[in-house]
Amino acid sequence: MINAVIVDDESINISNLQSLLTRHCPSIKIVGTANSVDEACSVIVKVNPDVVFLDIEMPQKNGFELLKYFKKPSFDIVFVTAYDFYGIQAIKFSALDYLLKPINIDELKTTVEKIELSLNNKSHHRRLSNIVELLENKLPLDHKKIALPSQKETLFVPVQSILRCESSNNYTTFYLTDETVHVISKPIYEYEEMLKPFGFMRCHQSHLVNKRHVISILNEDSGYLIMACTHQKIPISRQRKQYVKEALKE
C-alpha cells in the first residue's frame, strides 16, 4: 500500500479525491488530510506518507510554501490545481506530476502508476529542490535547470547548456553543449512551450533550437541554421523562414 495525505483548503475537494482514489486506485491508502499548509506540515510529520496530493491555490500560504518546510522530503508530491497557468511551468521544468481539476480518472490512474514505479527513486528530492529554486527566482537564467527524466535517472541540466532538441514521434532528443545526447519520452511540443521564454524557437516541425547558440544562417534551399560547438546544419522550414529571421534579430 502507498500511504497518502491530501491537502486542500476545501473539504469537498478532499472528499472527492479520496472517493476517486478509493474507487479507482486500490494501492493508495489515505492516512491523513489537511486544509492548510501549516496543518499539512503537522500531519506529514505525524504519519510520514509516501505521497502528498497537494492543492496549489490556498489562502494565506499556497501549496508551494509547503516545500520550504521539508528540505529533504521522504515523500513524493502530486500537485492538484484548477489553475493550469499557476506555477505549471515550474512544475513541468522539475518533472513533477500534477492533476488539473476537475480530476480526470484516467490521468489519476496514470499518476498513481508513476508513483508506484518511482517510490524507490530518490530523484524526486532534487526535483522538489529545483522547483523551489525556480519559484523563488534565486538563479540567473544561465543556471536555471530543467529535469530530463529517463527510465534510468533524472538529469538536471542548465537550460542554456541545451543546443537544440529534435523530435522523433513521441520522443525528444536533447543535444547539449558538452556534446552529450539524451533521449526523453516526451513530444517536442511540450518542451517548446517550456523553453520558449528562455530563447528557444521552433525552426522546423522536428527541430527546436536555442537562439543563443545559433552562429549563422545558410541560404541553401529554404535555409539552415549552423549551431555553435557542433556546427550542425539544422533545416528551416519554408513556412517558418521569416519567423526565424525575425526571431534571431530580437
Could you check if a side-chain atom of [X] sits within less than 4.5 angstrom of a side-chain atom of [Y], using non-hydrogen atoms only?
{"X": "N16", "Y": "L20", "result": "no"}
{"X": "T172", "Y": "E166", "result": "no"}
{"X": "T81", "Y": "I88", "result": "yes"}
{"X": "E190", "Y": "I184", "result": "no"}
{"X": "Y69", "Y": "K61", "result": "yes"}
{"X": "S168", "Y": "T173", "result": "no"}
{"X": "L163", "Y": "T177", "result": "yes"}
{"X": "V51", "Y": "I2", "result": "yes"}

Connected via hydrophobic side-chain network under 4.5 Å: [X] and [Y]:
{"X": "M194", "Y": "V209", "answer": "no"}
{"X": "V80", "Y": "I115", "answer": "yes"}
{"X": "L96", "Y": "M58", "answer": "yes"}
{"X": "V244", "Y": "I162", "answer": "no"}
{"X": "F79", "Y": "V5", "answer": "yes"}

Notebook entry, point to check: Parallel under 30°, tilted from 30 to 60°, perpendicular over 60°: which one fits the rings of F70 and F75?
Noted result: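 Perpendicular, since the angle between the ring planes exceeds 60°.
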Minimum heavy-atom distance [X]-[Y], with the two atoms named:
{"X": "G63", "Y": "L54", "result": "O-CD2, 3.2 Å"}
{"X": "V7", "Y": "S36", "result": "CG1-O, 4.0 Å"}
{"X": "S222", "Y": "R238", "result": "CB-CG, 3.5 Å"}
{"X": "T154", "Y": "A147", "result": "CG2-CB, 3.8 Å"}
{"X": "S94", "Y": "R127", "result": "O-CD, 2.8 Å"}
{"X": "C165", "Y": "L195", "result": "SG-CD1, 4.2 Å"}

Check: When clusters are formed from ILVMFWY side-chain contacts under 4.5 Å, directly or step by step, what else is grouped with V183?
Finding: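 Traced through the cluster, V183 reaches Y171.
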Item checked: Over 12 non-hydrogen atoms of neighbours within 6.0 angstrom of NZ in K245 ->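 Counting other residues, nucleotides and ligands, NZ of K245 stays at 12 neighbours or fewer.
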Note to self: A quick test of your reading: do over 12 heavy atoms of other residues, nucleotides or ligands sit less than 6.0 Å from CD1 of I215?
What the structure shows: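 Correct, the count exceeds 12.
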Notebook entry, point to check: Okay, side chain of K145, backbone of N130: is any donor-acceptor separation there less than 3.5 Å?
Noted result: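 Pair absent, no side-chain N/O of K145 close to backbone of N130.
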Checklist line | N3 side chain vs D50 backbone, donor-acceptor pair below 3.5 Å | finding: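 Judged by distance alone, no pair lies under 3.5 Å.
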[atom2] on [Y] to [atom1] on [X], rounded to 0.5 Å:
{"X": "R212", "Y": "Q160", "atom1": "CZ", "atom2": "CD", "value": "4.0 Å"}
{"X": "D8", "Y": "E57", "atom1": "CG", "atom2": "CD", "value": "11.0 Å"}
{"X": "R164", "Y": "H207", "atom1": "CZ", "atom2": "NE2", "value": "6.0 Å"}
{"X": "R202", "Y": "K196", "atom1": "CZ", "atom2": "NZ", "value": "11.0 Å"}
{"X": "K186", "Y": "S167", "atom1": "NZ", "atom2": "OG", "value": "14.5 Å"}
{"X": "I234", "Y": "M227", "atom1": "CD1", "atom2": "CE", "value": "6.5 Å"}

Item checked: Ion pair K233/D221, N-O distance below 4.0 Å ->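 D221 and K233: not salt-bridged.
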Next item on the list: Show your reasoning for whether side chain to side chain contact (heavy atoms under 4.5 Å, CB included) applies to H182 and L176.
Entry: CA-CA 8 Å; H182 305 282; L176 307 186; 3.6 Å; yes
Margin query: Between H24 and K109, is the side chain to side chain contact (heavy atoms under 4.5 Å, CB included) condition met? List the steps.
Written below: CA-CA 7 Å; H24 301 286; K109 289 179 179 178; 3.9 Å; yes
Item checked: Candidate pair T33 and Q18, rule side chain to side chain donor-acceptor pair (under 3.5 Å), full reasoning -> CA-CA 10 Å; T33 63; Q18 189 164 2; over 6 Å; no
Next item on the list: Might you work through the side chain to side chain contact (heavy atoms under 4.5 Å, CB included) test for L225 and I217, ending with a clear yes or no?
Entry: CA-CA 5 Å; L225 298 175; I217 299 179; 3.7 Å; yes
Next item on the list: Can you spot which of F156, Y98, F198, Y191 makes a ring-ring contact (aromatic ring centres under 6.0 Å, His included) with F93?
Entry: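 Result: among F156, Y98, F198, Y191, F198 is the only option passing the ring-ring contact (aromatic ring centres under 6.0 Å, His included) with F93.
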Validation: residues 39-47 side-chain donor-acceptor distances under 3.5 Å, sequence neighbours left out:
unit_1 : atom_1 : unit_2 : atom_2 : d
E39    : OE1    : N35    : N      : 3.0

Next item on the list: Take D9 and Q60, measure what side chain to side chain contact (heavy atoms under 4.5 Å, CB included) needs, and give me the verdict at the end.
Entry: CA-CA 10 Å; D9 62 302; Q60 297 179 338; over 6 Å; no
Item checked: Test side chain to side chain donor-acceptor pair (under 3.5 Å) applied to S161 and D178, step by step -> CA-CA 8 Å; S161 72; D178 63 3; over 6 Å; no
